[in-house]
Amino acid sequence: MPELPEVETIKKDLEKVLLGRRIKEVIVNSKKVIKQPVSVQEFRKKLIGNSFKEVLRRGKVLIFKLKEKLYLVIHLRISGWILFGNQEENARVVFVLDNNKHLNYMDTRLLGELRVVSDYTTLNFIKQLGPEIFDMNLEEFKNMIKKKKKKIKVLLMDQSFIAGIGNIYSAETLFRAKIKPTRLASSLNDKEITSLFNSIKEVLQEAIKFRGSSVDSYRDIEGREGKMEERLKVYGRENKPCFVCKTPIKRIELGGRGTYFCPHCQR
DNA sequence: AATGGGACCTGCGCGC
DNA sequence: TGCGCGCAGGTCCCAT
C-alpha cells in the first residue's frame, strides 16, 4: 500500500497520540507478521512496559523509538496500515496503551513485518536505502541519474536509489516531468533531470498535503481515506483520456509492475 | 549491471 | 449465481 506520503501521514498523526504513552499489552493475532524476535512471547516481552519516545520514518518504513537501544520497526509493505482508537477484530497485532487506546496493526495480505531491535540502522531494508529526496540537491541527483542505465521508472522505484517512491508516485512523477517511463536514466538530458527532480518533490509534497492515496486498503489512523487519489493523473487510468491532451492513458508492464503513462505527453 | 520470473499472501472485480 | 483469472501501493531471491 503505502509509499512515502502515506507513511509520512501515519507518522505525523501517530506522533500526536502516541508520544509519552506506555504499552500495557500486546496482542498478536497473526504471528506471521512478527519477524523479530521470532518468538511472539519474546516480542511481547520486549515491548510491554515501554513508552513511545519518538516516531520516525525512513523511506517507507515506520520506526518507533521506545528507549535507547530499543526500536519497534514496522514495514507496511503492500497492504499494511494502522488504525488507532478502539480494538479492531481484524487487527493482526494490537498494542494496548496505558490510556486504554489501541494501536491496531492491519494487514489483509500479511506481507508486512514488525520487528523489535536494538539498532534499526543495521536492518537490511534500512541499510540499503538511498537518500530521502528532500535531503538531496540537484547536482547529486544529476550525477546519480547519469550513471544508471536502468529504465527510469524502474530506477525511481529502486529503494537503494531514492527511498520512498513506489508504483503510484513514480508514474505520477514521470507524467509531470513529461518523461516516458521506458527511457533509460542515462538518456535524460539536464533539462529533463531538473524537471524530474522538481516533479518528485512536488508530487510527494502534494500527496503528503492531501494525506496520501487510498487506491486500495490504505486509510489514515482514524480510518479515513486519503484525498490524493482523485488528483492522480495517470496511475490506474488505463484507456481514460489524458487530462492534458485527451490521448488514452496507456498501461504497460515494467519490472513486473503495471505502469501508466500518456504516450503523447511523455517522451 | 540490468532484467525477468517466481515467491510471499489475501481479496476484489470482471468475464463467461 | 459461481468460478477462474488477473490484478493489487512491496521486496527478496535466483537465473540469465
Side-chain angles (χ1 to χ4, degrees), chain A residues 1-11 29-36 57-62 73-82 89-93 105-115 123-130 144-175 181-187 200 203-204 206-208 210-220 225-239 251-260:
Chain A
M1 123 212 153
E3 303 179 34
L4 185 152
E6 289 76 26
V7 180
E8 181 66 16
T9 302
I10 294 171
K11 182 217 149 182
N29 296 320
S30 303
K31 61 179 179 190
K32 183 174 181 305
V33 297
I34 308 298
K35 303 289 184 184
Q36 200 176 341
R57 177 192 61 72
R58 181 75 175 91
K60 306 171 188 172
V61 185
L62 265 178
V73 180
I74 301 187
H75 197 317
L76 301 161
R77 292 285 189 94
I78 288 190
S79 63
W81 56 292
I82 284 168
E89 242 179 80
N90 295 330
R92 301 303 190 178
V93 181
Y105 175 71
M106 318 294 288
D107 189 349
T108 43
R109 289 173 69 181
L110 287 168
L111 294 171
E113 47 188 275
L114 281 63
R115 295 170 188 270
L123 290 170
N124 271 338
F125 59 71
I126 298 278
K127 196 167 55 181
Q128 295 166 3
L129 290 178
M144 285 171 64
I145 287 264
K146 284 178 173 169
K147 277 184 266 179
K148 301 290 185 178
K149 292 205 170 113
K150 273 188 184 174
K151 294 189 175 72
I152 186 63
K153 159 79 157 40
V154 178
L155 181 64
L156 289 177
M157 292 183 63
D158 179 347
Q159 299 304 294
S160 68
F161 178 64
I162 297 174
I165 304 172
N167 206 25
I168 293 182
Y169 298 114
S170 57
E172 294 300 313
T173 282
L174 289 168
F175 175 78
T182 48
R183 290 273 301 281
L184 295 189
S186 55
S187 79
I200 294 170
V203 167
L204 294 180
E206 184 183 355
I208 290 169
F210 287 91
R211 305 181 56 78
S213 307
S214 291
V215 167
D216 193 3
S217 62
Y218 171 74
R219 297 293 182 277
D220 71 16
E225 298 194 349
K227 292 277 175 277
M228 186 62 189
E229 188 188 341
E230 54 204 60
R231 311 180 75 85
L232 301 179
K233 306 289 191 283
V234 287
Y235 181 84
R237 299 194 65 247
E238 185 179 16
N239 294 330
R251 179 190 183 279
I252 58 171
E253 192 118 331
L254 273 192
R257 314 300 300 276
T259 297
Y260 302 87

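Numbers restart at 1 for each chain; the letters A, B, ... are given by sequence-line order, proteins then strands.
One atom, CD of A:Q128, and another, C1' of C:dT11, lie 10 Å apart when rounded to the nearest Å. Separating the CD atom of A:E229 from the C1' atom of C:dA8 is a distance of 13 Å, rounded to the nearest angstrom. Counting to the nearest Å, the P atom of B:dA1 and the CG atom of A:L155 are 13 Å from each other. Atoms CG (A:N124) and P (C:dC12) sit 7 Å apart, rounded to a whole Å. Between the CE atom of A:M157 and the C1' atom of C:dC12 there is a distance of 14 Å, rounded to whole Å. For the pair A:F161 CZ and B:dA2 C1', the interatomic distance rounds to 15 Å; values are reported in whole Å. Residue A:I152 contributes atom CD1, which lies 16 Å from atom C1' of B:dT3 at whole-angstrom precision. In this structure, NZ of A:K32 is placed 4 Å from P of B:dC9, rounded to the nearest angstrom.
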Before giving the answer on side-chain hydrogen bond (donor to acceptor under 3.5 Å, both in side chains), spell out for A:Y169 and A:S213 the whole-Å C-alpha distance, their side-chain angles and the decisive distance to 0.1 Å. CA-CA 10 Å; A:Y169 298 114; A:S213 307; 2.7 Å; yes

Evaluate the side chain to side chain contact (heavy atoms under 4.5 Å, CB included) criterion for residues A:M157 and A:L254: first the C-alpha distance (whole Å), next the side-chain angles of each, then the deciding distance (0.1 Å), finally the verdict. CA-CA 11 Å; A:M157 292 183 63; A:L254 273 192; over 6 Å; no

Report all interatomic pairs (protein N or O, nucleotide N or O of nucleotides 10-16 of chain B) with separations under 3.5 Å.
| from | atom 1 | to | atom 2 | distance (Å) |
| --- | --- | --- | --- | --- |
| B:dT10 | O4' | A:T108 | O | 3.4 |

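A sub-4.0 Å separation between OP1 or OP2 of C:dG10 and a side-chain N or O of A:H75 is absent. Between A:K60 and C:dT11 there is a side-chain N or O to OP1 or OP2 distance below 4.0 Å. For A:Q159 and C:dG10, the shortest distance from a side-chain N or O to OP1 or OP2 is not below 4.0 Å. Look at A:K150 and you won't find any side-chain N or O under 4.0 angstrom from OP1 or OP2 of B:dA1.
Interatomic distance, CG of A:L174 versus OH of A:Y260, reported as 15.0 Å (0.5 Å rounding). Atoms CG and NZ, from A:D158 and A:K148 in turn, are 7.0 Å apart once rounded to the nearest 0.5 Å. Summarising the geometry, atom CD1 belonging to A:I162 is positioned 6.0 Å from atom CG belonging to A:L156; distances are rounded to the nearest 0.5 Å. One distance of note links NZ of A:K11 with CG of A:L62; it measures 9.5 Å at 0.5 Å rounding. With values rounded to the nearest 0.5 angstrom, A:T108 atom OG1 is found 8.0 Å from A:L110 atom CG.
Looking at A:E3 and A:Y218, their side chains never bring a donor and an acceptor atom within 3.5 Å of each other.
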Structure string for DNA chain C in dot-bracket form, Watson-Crick and G-U at under 3.5 Å, | interchain: .|||||||.|||||||

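Residue contacts shown for A:Y169 are absent, as no nucleic acid heavy atom lies under 4.0 Å away. Contacts of A:Y260 with the nucleic acid, taken as non-hydrogen atoms under 4.0 Å apart, involve only primed sugar atoms and P, OP1 or OP2.
Here A:D220 pairs with A:R211 in a salt bridge; the nearest charged N to carboxylate O distance falls below 4.0 Å.
Using P as the reference atom, B:dG5 and C:dG6 are 14 Å apart when rounded to the nearest Å. Distance noted for atom P between C:dG2 and B:dC9: 29 Å (whole Å).
The residue from A:I34, A:I74, A:L123 that alone fulfils the side-chain contact (heavy atoms from CB on, under 4.5 Å) condition with A:R115 is A:L123.
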